[in-house]
Amino acid sequence: MLDIKFIREHPELVKDGIRKKGAEDNIDEVIKLDAQRRDLLQRVEVLKNKRNVVSEEIGKLKRDKKDASVSIAQMDEVKIQIKSLDDQIAENEKNLNQLLLTIPNIPHPSVPGGRMPVDNQEIAKWGEPPVIDFKPKPHWEIAQELDIIDFERGVKITGAGFPLYKGKGAQLQRALINFFLDEALKRGYKEVQPPLMVNAESATGTGQLPDKEDLMYVATKDDLYLVPTAEVPVTNIHRNEILKEDQLPIKYCAYTPCFRREAGSYGKDVRGLNRLHQFDKVELVKFVHPGLSYNELEGLREDAELLLQKLSLHYHTLLMCAGDMGFTQSKKYDLEVWSIGQQRWLEVSSISIFEAFQSRRMNIRFRPRGEGKPEFVHTLNGSGLALPRVVAAILEHYQTPEGKVIVPKVLHKYTGFEVIG
RNA sequence: GGAGAGGUGUCUGAGUGGUUGAAAGAGCCGGUCUCGAAAACCGGUGUGCUCUUUAUGGGUAUCCAGGGUUCGAAUCCCUGCCUCUCCGCCA
């Protein structure tokens with residue numbers, strides 16, 4: 001969430017930022033509640049001070065075996081007033097907090113305006129589409145012919161969007177996961193294996209709750225949520241902690257399955273591996289010093305891009321416009337890999353900075369060296385990478401006229417085979 | 001699943017209704033000493049909110065969380081969460 005003091009002092013700036021994201025702003029209501037809250041606080045604190053002072057006097061009287069009944073009687077009214085004001089404050093803070101949790105992060109000045117995909121800026125392009133003299137097939141045809149991904153049986157077992165990987169398909173997945181993790185380790189990330197279910201507090205911390213609950217699978221009996229991304233459990237590792245400045249930056253990588261309900265799409269968008277309810281991903285998460293966070297964003301983008309480069313896949317990098325960013329982000333890059341079989345770009349990584357938006361929700365701070373109050377860290381994360389569309393791109397990019405698939409060289413030591421089919 | 005014990009500051013750990021924001025020790029910061037370091041000694045050292053004449057300022061809250069009793073709660077009561085020990089079950 002945003003800093004209430006910042007909202008109080010820069011209401012127009014915040015309203016403008018929210019508008020750029022295409023969201024509705026209720027800043028006036030926030031400011032009204034905030035003013036009300038501070039007024040109530042002042043009034044109750046005067047009374048509480050009186051209570052403390054008089055109680056101490058009563059204590060002294062009792063110790064001296066003197067009569068304290070006058071002072072005690074005097075507190076009756078004060079007690080009632082405190083109770084009443086405390087109730088009002090609790091109500092006010094509940095409303096204010098609910099409101100603050102639904103206010104999106106505002107975009108960084110370097111983020112382009114606009115709401116539509118065409119407003120995203122292509123800032124880099126790497127590699128070339130493969131040169132082939134036959135008609136490339138989409139990955140779902142290749143996968144079916146090679147019998148490495150079984151969509152039908154996935155439907156039988158669970159439902160649409162839950163593919164069954166088989167044989168070299170399963171092995172390719174495992175190879176990619178290991179490759180991604182190893183590369184992250186080389187780049188200084190520490191590997192973690194987080195829980196795959198999280199509680200409501202964690203989901204609120206990263207911004208999935210309160211109002212994006214429909215994106216997640218919920219175990220209602222235990223009030224737990226299946227992780228939609230490792231971002232949620234990994235960023236929550238340091239919830240309610242004060243870190244030492246020397247510890248920063250903290251860099252984690254984690255492989256997890258991801259579960260997303262994502263209702264609504266159809267047709268070519270959800271064909272094959274394009275959009276799934278369960279998929280694998282290696283996620284990179286950073287906790288950094290606020291002064292360095294935008295440099296760290298570029299570093300994170302490079303970490304992710306390097307993976308596509310090593311796989312020799314053609315991709316481009318987009319700087320996302322304000323309206324195409326999520327609720328929590330202040331700046332975001334997307335990496336899209338070229339799908340030659342579908343003749344379209346597929347998003348395989350999303351690299352974002354949240355500034356203190358998440359850390360304020362989660363209360364993650366660091367203590368500056370020497371003197372100084374704790375400050376909120378900045379959090380970032382990026383996919384490094386999401387598997388299914390990378391698999392799709394590999395199958396299509398490396399297909400041969402005979403219907404086989406050449407495994408990218410960098411994966412050989414992980415797969416143990418060089419050709420599928 | 002059954003029985004018991006317990007959750008105090010960065011850590012260890014006192015404290016069972018009235019100068020307790022909280023003893024003591026450790027750690028950390030500053031200083032003295034030293035060529036320097038260690039040791040020793042001296043001083044300081046939580047966090048949130050809020051007010052103002054923004055200051056080595058005032059108030060308030062905070063001893064797992066949420067309620068309650070009381071003039072007054074770390075201390076008493078209730079609920080929840082978590083940890084530990086024993087038994088049972090188990091990959």
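Quick caveat: nothing in here was measured; it's all calculated off a predicted structure. A, B, ... follow the sequence lines: proteins, then strands. Residue 1 opens every chain.
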Q: Verify the contact: side-chain N or O of Arg51(A) to OP1 or OP2 of U70(B), cut-off strictly under 4.0 Å; return yes or no.
A: no

(Q) With a 4.0 Å limit, can you tell me whether Arg43(A) has a side-chain N or O closer than that to the phosphate oxygens OP1/OP2 of C51(B)? (A) no

Q: Name the pairing partner of C28(B), where a pair is Watson-Crick or G-U wobble with both distances under 3.5 Å, or state none.
A: G44(B)

Q: Consider only side-chain N and O atoms of Ser350(A) and Asp334(A), and report whether a donor and an acceptor are under 3.5 Å apart.
A: yes

Q. Are side-chain N/O atoms of Asn274(A) and Gln342(A) paired as donor and acceptor at under 3.5 Å?
A. yes

Q: Using a cut-off of strictly less than 4.0 Å, decide whether Arg37(A) has a side-chain nitrogen or oxygen near OP1 or OP2 of U50(B).
A: yes

**Q.** Asn52(A) vs Arg365(A), nearer the 5' end of RNA chain B by closest nucleotide
**A.** Arg365(A)

Q) When the P atoms of G30(B) and A23(B) are considered, how many whole Å apart are they? A) 23 Å

Q: Take atom P in G13(B) and the same atom in U19(B), then report the distance between them in whole Å.
A: 25 Å

Q) Any side-chain donor paired with an acceptor under 3.5 Å for His139(A) and Glu396(A)? A) yes

Q) Separation of Ile89(A) atom CD1 from G66(B) atom P, in whole Å? A) 15 Å

Q. So what does Lys5(A) touch, heavy atoms closer than 4.0 Å: a base, only the sugar-phosphate, or nothing?
A. sugar-phosphate

**Q.** C1'-based separation of G15(B) from C81(B) [nearest Å]
**A.** 25 Å

Q | Partner nucleotide of A65(B) by Watson-Crick or wobble geometry (both distances under 3.5 Å) | A | U79(B)

**Q.** Lys48(A) side-chain N/O to G59(B) phosphate OP1/OP2 under 4.0 Å
**A.** no

Q. Lys60(A) NZ to C71(B) C1': how many Å, rounded?
A. 15 Å

Q. For A23(B), which nucleotide in any strand shown is its Watson-Crick or wobble partner with both distances under 3.5 Å?
A. none

Q.
Check for me whether Lys251(A) meets the cation-pi criterion with Tyr189(A), that is, NZ or CZ under 6.0 Å from the six-membered ring centre and within 45 degrees of the ring axis.
A. yes

Q: Give none if G72(B) has no partner; otherwise give the nucleotide forming a Watson-Crick or G-U wobble pair with it, both distances under 3.5 Å.
A: none

Q. With both distances kept under 3.5 Å, what pairs with U85(B), Watson-Crick or G-U wobble?
A. A3(B)

Q) If we take the P atom in both G58(B) and G21(B), what is their distance in whole Å? A) 15 Å

Q. Do Thr206(A) and Gln358(A) have a side chain donor and acceptor closer than 3.5 Å?
A. no

Q | Whole-Å gap separating C1' (G27(B)) and CG (Asp246(A)) | A | 15 Å

Q.
Between U8(B) and A14(B), how far apart are the two C1' atoms, rounded to whole Å?
A. 10 Å

**Q.** Atom P, compared across U20(B) and A26(B): separation rounded to whole Å
**A.** 22 Å

Q: Please check the phosphate of U47(B) (OP1 and OP2 only) for any side-chain N or O of Lys373(A) closer than 4.0 Å.
A: yes

(Q) In whole Å, measure the gap between the P atoms of A5(B) and C63(B) for me. (A) 23 Å

**Q.** Length of the line joining Asn240(A):CG and G48(B):P, which is rounded to integer Å
**A.** 13 Å

Q: May I ask you to verify if any side-chain N or O of Asn49(A) is less than 4.0 angstrom from the OP1 or OP2 atom of G59(B)?
A: no

Q: Indicate whether OP1 or OP2 belonging to C49(B) is found under 4.0 Å from a side-chain N or O atom of Arg38(A).
A: no

